[in-house]
Amino acid sequence: MDAGDDVPFEPWSPSFVADPYPALAELRARGRVHWFEPTRQFLVPHHADVSALLRDRRLGRRYLHRYTHEEFGRTPPPAAHEPFHTLGDNGLLDLEAPDHTRIRRLVTKAFTPRTVQALEPVVQRLAAGLVADFRKAGGGDLLADVAEPLPVAVIAEMLGIPVPDRPLLRPWSADICGMYELNPSQETAARAVQASVEFSAYLRELIAARRAEPGEDLVSALIAAYDEGVRLSEQEMISTCVLLLNAGHEATVNTTVNGWWTLFRHPEQLAALRADHSLLSTAVEELMRYDTPLQLFERWVLDDIEIDGTLVPRGCELALLFGSANRDGARFDHPDELDLARQDNPHVSFGAGIHYCLGAPLARIELAATFGELLRECATMRLAAEPRWKGGFVIRGLEELRVEL
């Protein structure tokens, strides 16, 4: 195990965020597990370990289903953060069995493959409209003009959120997701709490309206869903809707924008994709692997485990490094090369185990639609300005991506 101050991991450094992969390669070369004092976490950089630990039931996204804060050796969060934690603690992302099993089964009844498939024409229509406007404007900021509006509009359409209210969603989501970064500031926490309060109040009203007058939307389906006489509580519905928005667009937005930035830096691969659009399905998977939108996923150690001879005791936290796992040469041939035709590509960008991303099929439809429309309608698109990275490492993306036709 690597321990000490010389661990090559600097998640608050702009240069590290801009290109973490050389440092992550060094982490992998140094060993399978590393203590990182600034966040008091064990870093896990290898694909085999990340993949196995995502499925290991000795780990959990939370621990309160088995232990109190005191029993686990942890300080309870500040009381002022309660709205944020209530929102998260009742959502699939942070729940463990048996509650996770029950809620995922209920949500799956509403969020079926047929439901997702039925959204494909909606996604295509929205993507075509956004790209047509983008082409008429001669380009612009790919993030703000195309990548961001599409998945937010799709989720809003699914939930039945009225069009005038939809501009509220992205700011709420961004503020809530800020709390998933490492060591968030008090200001970040305050924004997340405020967004949690406002978004929850909005959804409470929406749920009440759908109870009174059901529609064809997902909120109505969640209200109707039951399993062996059990339904979702109002808080569980609120938390599910927030999770669908947050998880349902953050990865898609960053895969789109980071992906195009990657393509511009690999002109031979971009030329191959422009010449053969049948590469699109493998290209989307490779872009998610090559520059992973969610770089790190945390797990609590519920029972002692051992990694490569290092005992990781109960009460510790693991940081599973998705971006590093996706560049592991022990699992991928030529991992630092972009290969849009790559067939053997078991990337972990959507997670694994019981927390595997429920919205992965929808994300793939959205990414194929966006990339496909841009390839067809904006074939001359090129970079107009060098982009800057946002400050966050966990959810890693660009501030903007300015392009011209």
Side-chain angles (χ1 to χ4, degrees), residues 61-62 64-65 69 76-96 99-100 102-104 106-111 148 151-181 184-215 217-226 230-251 253 355 357-359 394-395:
R61 277 291 296 172
R62 61 183 307 204
L64 290 174
H65 60 302
H69 291 296
H81 295 181
E82 182 271 329
F84 170 81
H85 289 289
T86 295
L87 192 61
D89 288 351
N90 288 276
L92 281 171
L93 184 66
D94 288 337
L95 282 173
E96 295 296 327
D99 286 332
H100 179 277
R102 174 180 60 83
I103 292 177
R104 186 158 183 135
L106 284 163
V107 172
T108 301
K109 286 177 181 291
F111 196 65
E148 206 169 69
V152 174
V154 171
I155 295 293
E157 192 98 358
M158 286 179 69
L159 296 175
I161 291 176
V163 173
D165 296 344
R166 293 179 184 182
L168 298 167
L169 301 181
R170 174 61 176 163
W172 280 335
S173 175
D175 286 345
I176 290 169
C177 286
M179 278 290 269
Y180 293 113
E181 290 300 329
S185 66
Q186 288 185 343
E187 182 186 349
T188 297
R191 285 200 305 269
V193 168
Q194 185 62 30
S196 299
V197 170
E198 292 175 4
F199 202 173
S200 296
Y202 176 83
L203 287 168
R204 202 165 277 113
E205 288 186 14
L206 185 67
I207 289 166
R210 292 295 181 273
R211 282 194 197 281
E213 195 173 334
D217 52 86
L218 186 58
V219 171
S220 300
L222 289 173
I223 292 168
Y226 69 96
V230 179
R231 295 183 184 273
L232 290 166
S233 70
E234 182 178 78
Q235 183 58 59
E236 288 166 349
M237 276 189 275
I238 290 169
S239 296
T240 296
C241 291
V242 171
L243 176 62
L244 286 171
L245 172 68
N246 293 351
H249 85 277
E250 289 289 348
V253 170
H355 290 288
C357 178
L358 186 70
V394 174
I395 301 172

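The first residue in the sequence is number 1, and the count goes up from there. Computed from a prediction, not measured in an experiment: that's the story for all the values here.
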request  = Write down the atom of Arg231, the atom of Ala225, and the distance for their closest heavy-atom approach.
outcome  = CG-O, 3.7 Å

ask   = Checking side-chain contact (heavy atoms from CB on, under 4.5 Å) for the pair Asn90/Ile238: CA distance, chi angles, key distance, verdict?
value = CA-CA 9 Å; Asn90 288 276; Ile238 290 169; over 6 Å; no

query = Are any side-chain N or O atoms of His69 and backbone N or O atoms of Leu64, one a donor and one an acceptor, separated by less than 3.5 Å?
reply = no

inquiry  = Nearest 0.5 Å, please: how far is CG in Leu95 from CG in Leu243?
reply    = 9.5 Å

task = Starting at CG of Leu92, measure out to CG of Leu244 and round the result to the nearest 0.5 Å.
result = 8.0 Å

note = Heavy atoms of Thr188 and Met179 approach each other most closely as CG2-N, 4.1 Å

key: Salt-bridge criterion met for Arg210 and Glu205 (N-O under 4.0 Å)   = no

key: SG on Cys241 to CZ on Arg204, rounded to 0.5 Å   = 11.5 Å

request  = Check Trp172 against Ala195 and note the closest heavy-atom contact, atom names and distance.
outcome  = O-CB, 3.7 Å

request  = First locate atom CG of Leu218, then atom CE of Met237, and finally report the distance between them rounded to the nearest 0.5 Å.
outcome  = 11.0 Å

request  = For the pair His100 and His355, name the ring-plane relationship: parallel under 30°, tilted 30 to 60°, perpendicular over 60°.
outcome  = perpendicular

ask   = Do Gln235 and Ser239 have a side chain donor and acceptor closer than 3.5 Å?
value = yes

task = Say whether, by atom type as modelled, one donor and one acceptor occur between the side chain of Ser173 and the main chain of Leu169 under 3.5 angstrom.
result = no

Contact summary for Gly215 and Ser220, nearest pair of heavy atoms = N-OG, 2.8 Å

task = Write down the atom of Leu159, the atom of Leu206, and the distance for their closest heavy-atom approach.
result = O-CD2, 4.1 Å

task = Compare all side-chain heavy atoms of Arg166 with those of Val163 and state whether any distance is below 4.5 angstrom.
result = yes

Evaluation steps, side-chain contact (heavy atoms from CB on, under 4.5 Å), between Phe199 and Asp175 = CA-CA 11 Å; Phe199 202 173; Asp175 286 345; over 6 Å; no

inquiry  = If I compare all heavy atoms of Pro167 with all of Pro171, which pair ends up nearest, and what's the gap?
reply    = O-CD, 3.1 Å

Trace of the salt bridge (charged side-chain N to carboxylate O under 4.0 Å, His left out) decision for Glu234 with Arg211 = CA-CA 11 Å; Glu234 182 178 78; Arg211 282 194 197 281; 5.0 Å; no

key: Leu106 side, atom CG; Leu232 side, atom CG - distance, nearest 0.5 Å   = 4.5 Å

request  = Report the distance from atom CD1 of Ile161 to atom CG of Asp217, rounding to the nearest 0.5 Å.
outcome  = 9.5 Å

key: For Asp94, all residues meeting side-chain contact (heavy atoms from CB on, under 4.5 Å), sequence neighbours excluded   = Arg61, Tyr180

query = Does the side-chain contact (heavy atoms from CB on, under 4.5 Å) test come out yes or no for His65 and Asp99, once each step is laid out?
reply = CA-CA 9 Å; His65 60 302; Asp99 286 332; over 6 Å; no

